[in-house]
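The figures here come from the full heavy-atom set of this structure, side chains too, leaving out hydrogens, waters and symmetry mates. Predicted, not measured: the structure shown is a model, and the values here were computed from it.
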Amino acid sequence: RSMQTPDGPANKTRREILVNALKEAEPTIEKLKKEMEVRYFDFGRELKAAEKPDPAATGEQTAIGFALESILRESQGQGLSGILLYSDGAQRGLPPHDVDPRAIARR
């Protein structure tokens with residue numbers, strides 16, 4: 001729910017700022033798509049594939065570590081180049097989704 005906090009410029013929510021940042025990055029993302037597969041995911045407690053990030057952030061948790069771990073597990077053997085994580089950085093996962101994001105990022 002932290003992404004629903006309207007503490008950005010012009011009282012925008014953190015999620016609105018994230019979605020706007022992705023829109024601004026779209027030309028660069030389109031160039032990347034010519035060279036590699038680009039996929040979007042939304043996450044709260046669970047990881048969900050998304051066509052584009054949903055403007056609403058309705059999840060009850062922010063399980064960053066669990067989301068990263070899920071991406072790594074799903075992409076094994078597929079040549080993962082990297083992960084760009086757009087978040088406010090608030091790790092709020094409850095067991096069993098409380099995986100330490102720093103440990104997963106080191107992988």
Item checked: Between NZ on residue K12 and CD1 on residue I17, distance to nearest 0.5 Å -> 7.0 Å
Checklist line | All salt bridge (Lys or Arg N to Asp or Glu O under 4.0 Å) counterparts of E35, not counting sequence neighbours | finding: none
Next item on the list: Check A90 against S87 and note the closest heavy-atom contact, atom names and distance.
Entry: N-OG, 4.3 Å
Notebook entry, point to check: By side-chain hydrogen bond (donor to acceptor under 3.5 Å, both in side chains), which residues pair with E74, not counting sequence neighbours?
Noted result: R39
Next item on the list: Is it possible for you to say whether L85 and L18 belong to one hydrophobic cluster, with membership spreading through side-chain heavy-atom contacts below 4.5 Å?
Entry: no
Checklist line | From CZ (R14) to CE (M3), nearest 0.5 Å | finding: 8.0 Å
Next item on the list: State whether the side chain of Q91 and the backbone N or O of V99 hold a donor-acceptor pair below 3.5 Å, judged by distance alone.
Entry: yes
Next item on the list: Report the residues that fulfil salt bridge (Lys or Arg N to Asp or Glu O under 4.0 Å) with K52, sequence neighbours left out, ordered by chain and then residue number.
Entry: E26
Notebook entry, point to check: For E30, what residues pass the salt bridge (Lys or Arg N to Asp or Glu O under 4.0 Å) criterion, not counting sequence neighbours?
Noted result: K33
Next item on the list: Look up atom NZ in K23 and atom CD1 in I29, then write down how far apart they are to the nearest 0.5 Å.
Entry: 12.5 Å
Next item on the list: Compare every heavy atom of N11 with every heavy atom of P6, then report the nearest pair and how far apart it is.
Entry: O-OD1, 2.8 Å
Check: Quick one: side-chain contact (heavy atoms from CB on, under 4.5 Å) partners of Q76, sequence neighbours excluded?
Finding: none
Next item on the list: Please collect all salt bridge (Lys or Arg N to Asp or Glu O under 4.0 Å) contacts where either partner lies in residues 40-50, sequence neighbours excluded, each pair once.
Entry: R15-D42
Checklist line | Same apolar cluster (I L V M F W Y, side chains within < 4.5 Å links), L80/M36 | finding: no
Margin query: Could you work out, with side-chain contact (heavy atoms from CB on, under 4.5 Å) as the rule, every residue matching D98, not counting sequence neighbours?
Written below: P95
Margin query: Is any side-chain heavy atom of I104 closer than 4.5 Å to one of D100?
Written below: no
Margin query: Is there a path of hydrophobic side-chain contacts, each under 4.5 Å between heavy atoms, that joins L32 and L22?
Written below: yes
Check: Of all residues at least two apart in sequence or in a different chain, which pass the side-chain contact (heavy atoms from CB on, under 4.5 Å) check with A105?
Finding: none
Mind listing the side-chain donor-acceptor pairs of residues 62-71 below 3.5 Å, one per line with the distance, residues two or more places apart or on another chain?
residue : atom : partner : partner atom : Å
S70     : OG   : F66     : O            : 2.9
S70     : OG   : R73     : NH2          : 3.4

Margin query: Suppose we screen for salt bridge (Lys or Arg N to Asp or Glu O under 4.0 Å). Which residues come up paired with K34, at least two apart in sequence or across chains?
Written below: none
Notebook entry, point to check: Do you know which two heavy atoms are closest between P55 and V19, and how far apart they sit?
Noted result: CA-CG2, 4.1 Å
Check: Taking only residues at least two apart or on different chains, which pairs with a member in residues 76-96 satisfy ring-ring contact (aromatic ring centres under 6.0 Å, His included)?
Finding: none
Check: Would a distance-only check, ignoring hydrogens and angles, find a side-chain to backbone donor-acceptor pair under 3.5 Å from S75 to Q78?
Finding: no
Next item on the list: Just grab all the ring-ring contact (aromatic ring centres under 6.0 Å, His included) pairs involving residues 10-55, residues at least two apart or on different chains.
Entry: none
